Each structure stands twice: as structure tokens, then as C-alpha cells.
**Student:** 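Sharing a structure with you now.
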Amino acid sequence: MSTATAALFTCPLGDDAALIPRTAAIADAYQALLEANYERLAHWFPGAFDKPPTPEGTRADLERAGRAWLDGSQLPLAITVQAEDGWRLAGWVNLLIDGPARSAEVGYWLGAGFEGRGLVTRAVTAVLDHAFGQLGLHRVELQTTADNERSRSVARRLGFTQEGVLREAAAFPGERRDVVVHGLLAREWHKAASPG
Ligand SMILES: CC(C)(COP(=O)(O)OP(=O)(O)OC[C@H]1O[C@@H](n2cnc3c(N)ncnc32)[C@H](O)[C@@H]1OP(=O)(O)O)[C@@H](O)C(=O)NCCC(=O)NCCS
């Protein structure tokens, strides 16, 4: 079972879910979530999930994420949901920040069984509020492979503009796929938040 409890900081996503920091404090639950999902995720993230995750590799990855958070180059988050027996780790959200350019790239995934309830839409909404609010960013980018309909729906739902296609840019074993680039600007986000 993947549980994550007693996080020092949480950002509520409604009554049934919350964002927590993705650091070494959640190593065991995160390893369990990766073990259950890496084969599925390999289909969508070129190169990132080709091998089964190891506890040592996962911990090192989380420690890197924690350092990147402290130096301001990343906002590494995990999505947790409330289950009957406590909080359960459900997914991953990340903001990769280019401070000098005041821009960032957002990424996300959910574990199997957590799709279809708006978790990523809600999580990315909170991240965009922070990115365009407290962090003062000007632009956030979101990239998906062209065949990733669910992810493209997330981009559309959040008001991103499709800006272009990087032809055959994603290298998967035995095939290359097009990558769709979406962008959202601070003024578009603020306007959507306060229409009229
Ligand atoms: C891409 C991915 C995160 C999208 O998951 P998702 O469940 O479709 O996205 P959300 O969590 O935002 O949920 C949206 C769905 O919940 C529904 N929903 C329910 N409550 C909602 C709410 N409060 N807000 C928004 N949507 C809500 C929507 O209608 C939508 O339903 P649909 O699937 O019938 O269209 C998921 O498919 C995934 O992890 N895929 C594998 C990894 C991946 O592709 N990552 C992205 C790489 S670019």
C-alpha cells in the first residue's frame, strides 16, 4: 500500500486530495507507486522509465529533487488522496523552473486507478497559481506526445495554447513520435481567474 502521512506542508486540492513535497521523506511510498506504474509510464515518457526502479535510485532521485527545490530550480510535488485507511500516494507533479527566463515546464502523471477524477487538473491549477503568483513567472510550457489524448485534454482544460509540433522529437524504443508544445502566459492565467 502506498501511504504518505504527516507531511510538514500540504496544499489541499478539495476535500479528498492534497499536494505534498516530493522529497526523500516519502521514499517508500514513492518507490511502491513507481514499481506499480513504471511500465505504463514508459509508454509516455521517453527514456525515463526504461528500467524497474530501485529503492536506492528512487531515494537518490528524491534527494536531488529536494535540493533542486531548495535552490529554486524545481517545484517537486506528489499528489495524495484520502483513502479509508489514510492518505495514499497517487501521482507526480513537477515544475522545472528557469529563473532568469521567468519560465517553467510543468509535467505530471497519475498511478493506475487514479485517473478520471480531476486530480491532475486540480494539482496543475494549484501549481499554476503558485507559478504565476508567488514565483512571478511569465510563461509555463507543457509538452505531450501527439498521441497522448488524455494529457492534451488536461492542457486544453487549463487554457494552454497549442503553439507547435516538434516533429519526431520523442525517441521511444523502436519509434519516434511528434511532441506537441503548449504554452500559457501569466496574463492569460490571471485573466481566466478574474474574467471581465
Ligand atoms: C495524463 C494524465 C495525468 C491525465 O489524467 P486524467 O485523469 O485524464 O486527468 P485529470 O486528473 O485532470 O482528470 C480529468 C478527468 O476527470 C474528470 N473530472 C472529475 N472531476 C474533475 C474536476 N474537479 N476537475 C477536472 N476534471 C474533473 C474530467 O471530466 C476528466 O474525465 P475524463 O477522463 O472522462 O475526460 C493520466 O492519463 C496519466 O497519468 N497518463 C500517463 C502519464 C502521462 O501521460 N503523463 C503526461 C505526460 S505529458
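Everything numeric here is computed off the predicted structure, so don't read it as measured data. Order of listing sets the numbers, starting from 1, for every ligand and every atom in it.
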**Student:** Are any of the side-chain nitrogens in Glu105 or Arg139 under 4.0 Å away from the carboxylate oxygens of its partner?
**Tutor:** no
**Student:** Side-chain donor-acceptor pairs under 3.5 Å in residues 42-67, sequence neighbours left out?
**Tutor:**
from	atom 1	to	atom 2	distance (Å)
Thr54	OG1	Gly57	N	3.0
Thr58	OG1	Gln31	OE1	2.5
Thr58	OG1	Thr54	O	3.0

**Student:** Can you pull the residues with any heavy atom under 4.0 Å from ligand 1?
**Tutor:** Arg40, Leu41, Trp44, Phe45, Tyr108, Trp109, Leu110, Glu115, Gly116, Arg117, Gly118, Leu119, Val120, Thr121, Gln143, Thr144, Asn148, Arg150, Ser151, Val154, Arg157
**Student:** Are the charged groups of Arg177 and Glu168 less than 4.0 angstrom apart, N to O?
**Tutor:** no
**Student:** For His182, run the side-chain contact (heavy atoms from CB on, under 4.5 Å) check against Thr161, Leu158, Thr144 and tell me which one passes.
**Tutor:** Thr144
**Student:** Remaining members of Val179's ILVMFWY cluster at a side-chain heavy-atom cut-off under 4.5 Å?
**Tutor:** Leu166, Val181
**Student:** Tell me which donor-acceptor pairs under 3.5 Å the side chains of residues 121-132 have, and how far apart each pair is, sequence neighbours excluded?
**Tutor:**
from	atom 1	to	atom 2	distance (Å)
Thr121	OG1	Arg157	NH1	3.0
Arg122	NE	Gly118	O	3.4
Arg122	NH1	Leu13	O	2.7
Arg122	NH1	Asp16	OD1	2.8
Arg122	NH2	Arg117	O	3.0
Thr125	OG1	Thr121	O	2.7
Asp129	OD1	Trp189	NE1	2.9

